[in-house]
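In each ligand, atom 1 is the first atom listed, and ligand 1 is the first ligand listed. The figures here come from the full heavy-atom set of this structure, side chains too, leaving out hydrogens, waters and symmetry mates.
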Amino acid sequence: LERIRADHERALREAKETLQKLPEEIRRDIRQDKEKLLQDARGGKDAGAPGLPRRLFRQPVGAVGQEPADPIVRQRRGKIKEMMEHAWNNYKRYAWGLNELKPISKQGHSSNLFGNIQGATIVDALDTLYIMEMKEEFKEAKEWVEKNLDFNVNAEISVFEVNIRFVGGLLSAYYLSGEEVRQYHMCCLIDAHGYFLYFSFPQHSGIGRNWPWASGGSSILAEFGTLHLEFVHLSHLSGNPVFAEKVMNIRKVLNRLDKPEGLYPNYLNPSSGQWGQHHVSIGGLGDSFYEYLLKAWLMSDKADEEGKKMYYDAVQAIETHLIRKSSGGLTYIAEWKGGLLEHKMGHLTCFAGGMFALGADGAPDDKTGHHIELGAEIARTCHESYDRTSMKLGPEAFRFDGGVEAIATRQNEKYYILRPEVIETYMYMWRLTHDPKYREWGWEAVEALEKHCRVDGGYSGIRDVYHNHENHDDVQQSFFLSETLKYLYLLFSEDDLLPFEHWVFNTEAHPLPILHKDDENKEENEK
Ligand code: DMJ
């Protein structure tokens with residue numbers, strides 16, 4: 001506690017000093033810090049060329065796949081690529097270089113999640129452009145990144161969003177495309193390194209603050225628990241273990257804490273180290289924490305035993321306390337509020353179907369089949385949540401109480417903002433079972449997106465999916481290009497495109513390579 005207090009005081013002192021500086025002085029300091037970081041990452045003054053990774057680039061497996069053999073599947077996949085072209089071309093035309101597009105008003109859209117960092121759609125879309133073989137577009141996106149992407153900003157950002165979209169997006173683009181952009185991407189990552197240490201770990205040199213609404217100044221489970229995949233790769237590429245160490249420490253603290261009924265509350269107070277309100281959710285505020293436990297284990301080529309144990313223990317507790325079956329036979333994941341269940345499931349929670357199926361293979365006590373089954377049941381429920389609306393697109397949250405099942409009852413839960421989670425689950429279920437219904441359900445979503453979300457200027461979210469007429473929200477979210485369209489494309493691709501034996505997807509659908517033990521050993525021996 002004393003150390004934390006001293007660190008806070010130091011951060012406050014530094015903040016005060018910073019506030020007294022002129023903007024040019026702040027920019028100069030940032031530049032100097034950055035140069036120092038670059039130098040440290042290179043291993044001292046004279047080592048290596050600027051920004052080059054320490055590791056040799058390995059040709060990725062399955063960065064580009066074969067054409068689907070079935071003509072209908074081929075044609076459907078072609079249609080999804082055309083959707084990507086429509087989204088991209090309109091972003092390019094009306095909002096180039098800005099974070100997102102307003103497809104109705106045909107101008108840029110800025111959200112405060114990224115501070116004044118710009119270009120979220122470009123960075124989020126890089127890898128989708130690459131795997132869809134949109135070569136020209138990838139080239140122009142890459143050039144924009146080289147010339148314009150600037151983390152040299154003095155602003156408040158969401159660590160979570162910038163990590164999953166920008167750091168994840170740049171890492172994937174690097175791992176997929178290699179040589180071409182290696183030098184620059186590595187520079188960007190080193191940029192991100194520095195500022196991530198600033199933002200995520202205030203005890204080092206920056207200032208961090210929590211969301212004012214989060215249970216008494218608490219930090220949020222899905223935010224501090226969704227850094228592992230990216231940070232492990234930052235350490236892997238730079239040779240600097242500090243990034244992985246930091247995030248593994250977060251995990252250790254969580255592992256040691258007492259958990260109510262084995263569940264992880266969404267809020268943790270960073271000063272007291274105690275849980276805040278005992279709210280548990282596999283949707284917003286909790287979701288990707290569970291996802292990253294599983295995927296960290298998979299990404300480590302199944303070496304990360306701590307991640308594995310925490311994941312399967314958590315799933316056990318979720319099954320016991322949160323998963324329920326409705327009287328109509330739909331399996332859903334409720335929210336837990338201090339022991340009481342709220343029988344509501346968010347669109348965000350629908351990702352869990354894919355997660356259960358992906359983790360099925362390693363499930364303890366012969367539960368592989370059971371976890372696949374759980375994934376299939378969640379997929380079915382989420383499909384119902386789409387099917388029971390007029391527009392065949394799912395609401396933000398749906399309920400299983402007051403006589404309804406899989407239907408949104410509150411006006412403020414009826415919107416659809418181009419989210420990917422249901423399609424993500426179809427993609428995992430398809431890859432892992434090859435049951436054709438998942439492609440059919442995915443195609444239903446394509447038809448609904450085309451009918452209701454496509455407008456002249458791109459794709460827009462919908463304010464009420466139970467209405468017969470669209471009321472557009474006028475935002476083309478960057479995750480529509482990075483996730484929704486990518487998962488659809490993968491659903492209609494052969495399994496050789498980004499095969500699961502070689503890649504894991506971060507929570508924004510950016511593929512990161514599995515760090516195979518054999519490759520690591522080979523590299524060690526070659527040194
Ligand atoms: C994405 O940014 C990520 O999938 C995140 O984990 C949750 N929400 C959005 C999309 O819905």
Side-chain angles (χ1 to χ4, degrees), residues 87 99-101 109 111-114 117 119-128 157-172 211 220-231 264 266 281-296 333 335 345-355 358 378 382 385-386 393-398 408 413 415-428 445 449 453 459-462 465 473 475-488 490 504-512:
N99 279 328
E100 289 171 322
L101 163 71
H109 169 75
S111 101
N112 56 5
L113 298 173
F114 315 113
I117 300 176
T121 295
I122 299 180
V123 181
D124 237 1
L126 276 166
D127 53 11
T128 310
I157 55 143
S158 153
V159 172
F160 168 80
E161 297 291 351
V162 174
N163 179 52
I164 66 170
R165 301 193 205 205
F166 283 86
V167 181
L170 291 174
L171 280 167
S172 286
W211 299 107
I220 289 172
L221 184 67
E223 298 205 328
F224 58 75
T226 310
L227 298 164
H228 290 69
L229 303 187
E230 297 79 5
F231 275 48
Y264 291 85
N266 293 334
S281 165
I282 316 306
L285 309 181
D287 48 6
S288 40
F289 160 70
Y290 304 96
E291 178 184 356
Y292 272 37
L293 291 177
L294 171 65
K295 290 182 177 175
I333 312 179
E335 313 239 315
M345 184 164 167
H347 192 289
L348 289 165
T349 320
C350 287
F351 91 97
M355 177 179 76
L358 180 68
I378 298 298
C382 293
S385 80
Y386 274 47
L393 290 167
E396 181 66 6
F398 42 93
E413 292 173 348
Y415 61 89
Y416 171 67
I417 55 166
L418 306 173
R419 285 198 192 279
E421 292 77 17
V422 176
I423 290 163
E424 173 180 350
T425 280
Y426 297 163
M427 191 282 291
Y428 280 103
L449 284 165
C453 300
Y459 288 87
S460 165
I462 299 282
V465 288
D473 69 4
V475 183
Q476 178 175 286
Q477 306 278 348
S478 78
F479 53 67
F480 181 64
L481 292 87
S482 74
E483 294 194 73
T484 313
L485 292 175
K486 187 188 286 127
Y487 285 134
L488 278 171
L490 291 173
V504 291
F505 294 88
N506 90 339
T507 192
E508 187 79 359
H510 294 305
L512 297 170

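For the atom pair OG of Ser111 and CD of Glu161, the computed distance is 7.5 Å after rounding to the nearest 0.5 Å.
Residues passing the ring-ring contact (aromatic ring centres under 6.0 Å, His included) test with His228, sequence neighbours excluded: none.
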Could you please spell out the steps behind the side chain to side chain donor-acceptor pair (under 3.5 Å) verdict for Glu421 and Tyr487?
CA-CA 9 Å; Glu421 292 77 17; Tyr487 285 134; over 6 Å; no
Using the rule given for side chain to side chain donor-acceptor pair (under 3.5 Å), can you reason through Ser281 versus Asp287, listing the C-alpha separation, both sets of side-chain angles and the distance that settles it, and then say yes or no?
CA-CA 7 Å; Ser281 165; Asp287 48 6; over 6 Å; no
Could you give the N/O to N/O pairs under 3.5 Å linking ligand 1 and the protein, each with its distance?
from     : atom 1 : to     : atom 2 : distance (Å)
ligand 1 : 2 (O)  : Glu508 : OE1    : 2.6
ligand 1 : 4 (O)  : Glu483 : OE1    : 3.3
ligand 1 : 4 (O)  : Glu483 : OE2    : 2.8
ligand 1 : 4 (O)  : Thr507 : O      : 2.7
ligand 1 : 6 (O)  : Thr507 : OG1    : 2.7
ligand 1 : 11 (O) : Arg419 : NH1    : 2.7
ligand 1 : 11 (O) : Glu421 : OE2    : 2.7

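Between Phe505 and Tyr428, the ring-plane angle classifies as perpendicular under the 30° and 60° cut-offs.
Note: His347 and Tyr415 fail the aromatic proximity criterion, with ring centroids not under 6.0 Å apart.
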